[in-house]
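So the structure is just underneath, and the comments pick up after that.
Remember, it's 1-based here, ligands and their atoms both numbered in the order they're listed.
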Amino acid sequence: MQNERFIAHVDMDAFFAAVEQRDNPRLIGKPVIIGADPKDGRGRGVVSTCSYQARIFGIRSAMPISIAYRLCPSACFLPPDMPKYARVSRQIYGILENFTPCIEPAGIDEAFLDITGSSHLFGSPRDTCVRVKERIKSETKLIASVGLAPTRMAAKIASDMSKPDGFLQVQREELLDFLWPLPVDRIWGLGKKTKEALNSYGIITIGDLAHRNRNELRVMLGVNGEYFWNLAHGRDERRLCGQAEAKSISNETTFEHDTNNSEHIKAALLSLCEKVSGRLRAEGLKARTITLKIRLEGFQTHTRTLTLQKATNFSDTIYRDIKKLYESFSSHKKVRLVGVKVSGLLPVDIQDSIFVGPDDLKKESVHKAIDAIKEKFGDAMIHRAGSGFMRSQAFG
Ligand code: TTP
Ligand code: MG
């Protein structure tokens with residue numbers, strides 16, 4: 001096919017743990033857990049990651065470290081060494097740059113590569129992926145798994161399914177057969193709550209979602225409905241190397257009763273900022289522009305916008321500015337609805353975030369851990385402030 005694209009997703013196996021095993025051969029083949037201090041089972045933090053030997057015991061990223069300790073007290077527990085992982089990450093990105101200029105970083109240990117135009121240099125797309133794996137192994141002594149597919153989402157699922165030390169190719173003609181049997185929450189950005197809602201409508205697999213009417217999904221899920229429907233049909237036309245589409249991500253909440261309780265309003269805004277920033281991270285994006293929307297009693301609607309010096313997807317940064325905008329907005333009227341919108345979206349960029357410094361790295365990793373917990377256990381697990389609002393939906 002003329003417009004066929006070949007997207008590879010490269011993701012390191014058990015990244016932090018693998019680096020530690022490489023640097024201390026006594027750890028090779030053993031359960032190694034990177035994360036908070038377990039304090040003999042009384043530790044309060046979480047697991048960052050663990051070696052595949054530790055996964056046999058049921059240990060996973062974002063699990064409370066006390067549970068990990070209970071499951072495998074004899075494991076080797078190590079604190080994360082973020083500057084070291086950042087150095088290795090830089091080295092890996094350096095290797096990837098040899099294969100294509102078209103790289104989209106997706107995290108400290110993963111990236112998408114558009115290798116459509118690289119085949120004449122390295123053989124078929126499959127050969128290129130094999131070479132990527134080999135080169136990473138020979139230069140870093142670490143193992144990457146690689147998925148190859150016509151879309152980013154399928155490539156990411158393929159690399160994940162192939163782990164550890166895997167490679168899986170999904171051809172264009174097999175794309176829907178590959179996607180449709182998978183549970184619906186394999187779709188990017190589709191979290192636990194949406195999954196539960198969809199399951200209650202009998203939508204269990206990606207195929208179930210794809211077979212529903214697009215408008216029906218729009219009614220169920222707002223603008224996300226159409227986004228998820230397109231992904232379920234294997235449509236993800238965003239160009240890897242181009243800028244993200246000129247679009248925005250937003251969420252809004254209508255209070256059960258109009259309110260002028262600023263603590264309630266700020267709690268609602270914080271929750272919206274967390275949702276919006278979670279979506280940004282799920283889509284590998286950062287935002288430069290932040291907009292607050294306030295609808296007062298009587299349906300008068302106001303927006304306030306500010307542009308950041310540096311794009312972000314951190315919820316606390318977005319909330320800090322939304323709070324500023326809210327506090328500078330004065331009205332004696334009660335508030336009916338608030339919304340948070342981010343725009344000026346950019347793909348997550350190496351210089352812009354991951355390698356800025358250890359603090360940013362830690363933050364990125366904490367946010368990722370929080371997203372993972374929310375995905376697994378729902379929002380109820382992590383909440384910072386009480387929220388007395390009801391409906392939440394996207395605004396355009
Ligand atoms: P992942 O690629 O999700 O996990 P992984 O590389 O450890 O294991 P896998 O073989 O399944 O890919 O994340 C990359 C690193 O990011 C991971 O080594 C540690 C860090 N991380 C956290 O700190 N907290 C988290 O909740 C997750 C998911 C990852
Ligand atoms: Mg990984």
Side-chain angles (χ1 to χ4, degrees), residues 8-23 27 31-37 43 45-65 67-68 75-93 96 104-113 132-133 136-137 140-147 155-168 185-186 188 191-192 278 281-282 284 314 348 353-355 358-377 381-382:
H9 179 255
V10 178
D11 188 305
M12 305 304 294
D13 291 348
F15 184 48
F16 295 1
V19 173
E20 298 303 342
Q21 286 181 318
R22 177 196 71 175
D23 293 350
L27 302 178
V32 173
I33 298 170
I34 312 295
D37 184 347
V46 295
V47 173
S48 286
T49 192
C50 60
S51 64
Y52 278 76
Q53 293 82 9
R55 295 184 197 192
I56 296 168
F57 295 86
I59 298 163
R60 296 287 180 269
S61 290
M63 171 183 276
I65 200 81
I67 296 183
C76 174
F77 289 85
L78 294 172
D81 179 348
M82 299 310 279
K84 177 157 78 169
Y85 310 142
R87 276 197 306 276
V88 181
S89 176
R90 253 190 304 261
Q91 191 190 358
I92 294 163
Y93 274 103
L96 298 180
E104 184 178 291
I108 189 163
D109 81 327
E110 56 177 309
F112 294 97
L113 277 62
V132 167
K133 271 176 70 78
I136 291 176
K137 191 172 175 186
T140 70
K141 311 280 177 267
L142 295 168
I143 307 289
S145 290
V146 180
K156 186 168 165 72
I157 296 173
S159 74
D160 194 40
M161 282 170 57
S162 76
K163 277 175 177 293
D165 196 7
F167 169 72
L168 179 62
D185 60 347
R186 278 287 195 159
W188 263 356
K192 187 174 186 284
R281 289 193 295 278
F314 294 150
V348 172
S353 76
I354 299 171
F355 302 117
D359 285 352
D360 274 23
L361 252 178
K362 266 187 207 149
K363 233 173 158 184
E364 190 99 30
S365 155
V366 168
H367 279 79
K368 212 172 160 188
I370 290 174
D371 285 345
I373 295 172
K374 283 185 175 171
E375 274 289 307
K376 284 193 183 113
F377 306 108
M381 280 290 290
I382 297 177

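Shown here for Q21 and L27, the closest heavy-atom pair between the two residues is NE2-O, 3.1 Å. S51 approaches A14 most closely through the heavy-atom pair CA-CB, 4.2 Å.
Close approach to S61 involves these atoms of ligand 1, each under 4.0 Å from a residue heavy atom: 25 (C), 26 (O), 27 (C), 28 (C). Close contacts of ligand 1 with D109, meaning ligand atoms under 4.0 Å from a residue heavy atom, involve 2 (O), 6 (O), 13 (O), 14 (C). The atoms of ligand 1 that sit less than 4.0 Å from any heavy atom of D11 are 2 (O), 12 (O). Heavy-atom proximity to T49, at under 4.0 Å, picks out these atoms of ligand 1: 5 (P), 7 (O), 17 (C), 18 (O), 19 (C).
Contact annotation for Y52 and ligand 1: only side-chain heavy atoms (C-beta onward) come within less than 4.0 Å of the ligand. Counting heavy atoms under 4.0 Å from ligand 1, residue R55 touches it through the side chain alone. With a 4.0 Å cut-off on non-hydrogen atoms, M12 touches ligand 1 through its backbone and not its side chain.
Of the possible donor and acceptor atoms, one in the side chain of K163 sits under 3.5 Å from a partner among the backbone N and O of D11. Of the possible polar contacts, none joining the K192 side chain to the D185 backbone as a donor-acceptor pair under 3.5 Å is found.
A heavy-atom distance below 4.5 Å is found between the side chains of Y85 and I34. Between I33 and I65, some side-chain heavy-atom pair lies under the 4.5 Å cut-off. R90 places none of its side-chain heavy atoms less than 4.5 Å from the side chain of Y93. When side chains are defined from C-beta on, F15 counts as touching V88, because their heavy atoms get closer than 4.5 Å.
For D109, the N, O or S atom with the smallest separation from the Mg ion (ligand 2) is OD2.
Between F15 and ligand 1, at least one pair of N/O atoms sits closer than 3.5 Å. Residue A14 has at least one nitrogen or oxygen atom sitting less than 3.5 Å from a nitrogen or oxygen atom of ligand 1, judged on distance alone. Backbone and side-chain nitrogen or oxygen atoms of K163 are examined, and one is located within less than 3.5 angstrom of a nitrogen or oxygen of ligand 1.
Geometry note: the Mg ion (ligand 2) is the vertex, D11 OD1 and M12 O are the arms, and the angle is 80° (rounded to 10 degrees).
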